[in-house]
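See below for the structure under consideration.
Computed from heavy atoms alone, side chains included, the values below leave out hydrogens, waters and symmetry copies.
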Amino acid sequence: MLRSCAAPLRSLGALRGPRGGACPPLCEPRPALRSFSSEKVIYKDFSIPNPSWSKDLRLLFDQFMKKCEDGSWKCLPLYKHGSLQRIQDFKTFFHDPKFTKEDVMTQTRLFTSSFEEGLGFEHAMFYNDVEKRTVCLFQGGLYLEGMPGFLHGGAIATMIDSTLGMSALIAGGIVMTANLNINFKRPIPLCSVVVINSQVDKVEGRKIFVSGNVQSADEKTLHSEATGLFIQLDPDKSLT
Ligand SMILES: CCCCCCCCCCCC(=O)SCCNC(=O)CCNC(=O)[C@H](O)C(C)(C)COP(=O)(O)OP(=O)(O)OC[C@H]1O[C@@H](n2cnc3c(N)ncnc32)[C@H](O)[C@@H]1OP(=O)(O)O
């Protein structure tokens, strides 16, 4: 029997905005309670400003929060373990305890949320349902260095994958990246703030085509352009 795992993110209650009641005032911690087996664990939402955020990042964040007020944009929560419902969906349909045991699963962390404050991927994501666009505000920290003083290409690719992936995830439920193409056009200085834009271009069956770019906060520099193909997972197929 085909089990549907393609519930759009919005119907899973993971999107939040001031009107929706889930986005609390700026700069307040937004803890979430998740139960894992019989254990209750408190998770912190990492998409809120912290002291490592530069003025530019705070300014952009505030601008996007303002856009959330009329409901056109939603801020997306970021936990060390990813979107809670998505985790459960993936686990239900695709996690194989043969490869990763339950006790190990309790210790995992979402890659982009695994650095200490300010040293890694400081970011916040916003989504516009009408335009099918996801925007990520990203400040890459000191531990993401590639060439001296600049961000590592892999770190840039990670955030592009995450942002384009979020667009695909919202459109198609549980997806994985099948293909990601990036043209790196200008390097990104460490600790600077960039805006990653992404939108769903086309959906063909289980294939979700997404494109995007990375721009400086003042929109004067185009750092990268990217396209991605994300595949909606088939619950009748094993991943391994
Ligand atoms: C900040 C925190 C936020 C958190 C936000 C998090 C967002 C998530 C972003 C991170 C996601 C990742 O990095 S995921 C990690 C990296 N990705 C992976 O490890 C995936 C490894 N690959 C796979 O497991 C598999 O190839 C799949 C699941 C992608 C597809 O396998 P499948 O389900 O068997 O599908 P399959 O039948 O092969 O293909 C379905 C259709 O897609 C086409 N297709 C498949 N692959 C390709 C391809 N590379 N290029 C072109 N076309 C392709 C096929 O031709 C077919 O077309 P047609 O015949 O139907 O026309």
Side-chain angles (χ1 to χ4, degrees), residues 8-10 12 14-16 43-48 50 52-53 57 60-61 64 73-87 89-90 94 108-129 131-141 143-144 146 151-184 188 190 192-201 208-215 217 223-233:
L9 188 60
R10 61 185 173 280
L12 298 170
L15 288 180
R16 303 160 317 147
Y43 289 115
K44 183 180 157 200
D45 182 349
F46 283 82
S47 66
I48 55 162
N50 68 53
S52 78
W53 283 27
L57 185 54
L60 275 173
F61 181 82
F64 270 89
W73 287 83
K74 309 278 184 204
C75 61
L76 301 164
L78 301 168
Y79 300 105
K80 285 201 172 178
H81 299 258
S83 162
L84 302 182
Q85 184 59 53
R86 189 64 65 246
I87 293 278
D89 291 344
F90 189 93
F94 300 103
T108 61
R109 279 188 177 195
L110 189 66
F111 176 39
T112 46
S113 305
S114 57
F115 289 81
E116 279 174 43
E117 222 166 79
L119 297 177
F121 301 90
E122 293 296 337
H123 63 289
M125 281 195 199
F126 293 85
Y127 177 70
N128 184 311
D129 188 41
E131 298 173 16
K132 304 291 175 221
R133 279 178 60 202
T134 305
V135 168
C136 177
L137 314 177
F138 170 44
Q139 174 185 300
Y143 284 7
L144 303 184
L151 279 186
H152 194 290
I156 300 168
T158 295
M159 285 314 296
I160 291 175
D161 189 21
S162 296
T163 309
L164 270 56
M166 186 61 91
S167 285
L169 201 116
I170 290 168
I174 304 174
V175 297
M176 285 186 92
T177 317
N179 180 270
L180 187 63
N181 287 300
I182 300 174
N183 288 318
F184 297 99
I188 301 176
L190 276 181
S192 70
V193 176
V194 294
V195 178
I196 307 172
N197 300 288
S198 80
Q199 86 245 333
V200 172
D201 295 327
I208 301 166
F209 296 85
V210 186
S211 62
N213 64 35
V214 184
Q215 289 181 308
H223 291 288
S224 312
E225 288 179 318
T227 57
L229 170 63
F230 296 81
I231 309 288
Q232 196 179 63
L233 300 187

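The two residues Gln232 and Val175 make their nearest non-hydrogen contact at CA-CG1, 3.9 Å. Listed here is the closest heavy atom pair of Val210 and Asp201: C-OD2, 3.8 Å. Closest heavy-atom contact between Ile160 and Ser224: CD1-CB, 4.2 Å. Between Gly141 and Leu151, the shortest heavy-atom distance links the atoms O-CD2, 4.4 Å. Heavy atoms only, all atoms of each residue included: Ala168 and Ile208 are closest at O-CD1, 3.6 Å. Of all non-hydrogen atoms in Ser52 and Gln139, the two that sit nearest each other are O-NE2, 2.9 Å.
Taking CE of Met159 as the reference point, atom CD1 of Ile188 lies at 10.5 Å (rounded to 0.5 Å). Phe230 contributes atom CZ, which lies 11.0 Å from atom CE of Met166 (distance to the nearest 0.5 angstrom). Between the CG atom of Asn179 and the OG1 atom of Thr227 there is a distance of 6.5 Å, given to the nearest 0.5 Å. Atom CG of Asn50 sits about 3.5 Å away from atom CD of Glu117, to the nearest 0.5 Å. Here Gln199 contributes atom CD and Ser211 contributes atom OG; the two are 4.0 Å apart, rounded to the nearest 0.5 Å. Here the CG atom belonging to Leu144 is positioned 9.5 Å from the NE2 atom belonging to His152, to the nearest 0.5 angstrom.
For the side chain to side chain donor-acceptor pair (under 3.5 Å) condition, the pairs that include at least one residue of residues 157-166, sequence neighbours left out, are Asp161-Thr177.
In terms of the side chain to side chain contact (heavy atoms under 4.5 Å, CB included) criterion, residue partners of Ala157 (sequence neighbours excluded) are, by chain and number, Ile182.
Within the 4.5 Å cutoff, the side chain of Val195 has heavy atoms near those of the Leu137 side chain. Asp129 places none of its side-chain heavy atoms less than 4.5 Å from the side chain of Lys74.
When Phe126, Phe64, Phe61 are each tested for a ring-ring contact (aromatic ring centres under 6.0 Å, His included) with Trp73, only one passes: Phe64.
In this pair, Phe138 and Phe121 present their aromatic rings parallel. The plane angle is below 30°, not in the 30 to 60° band.
A donor and an acceptor atom, one from each side chain of Glu122 and Trp53, are located under 3.5 Å apart.
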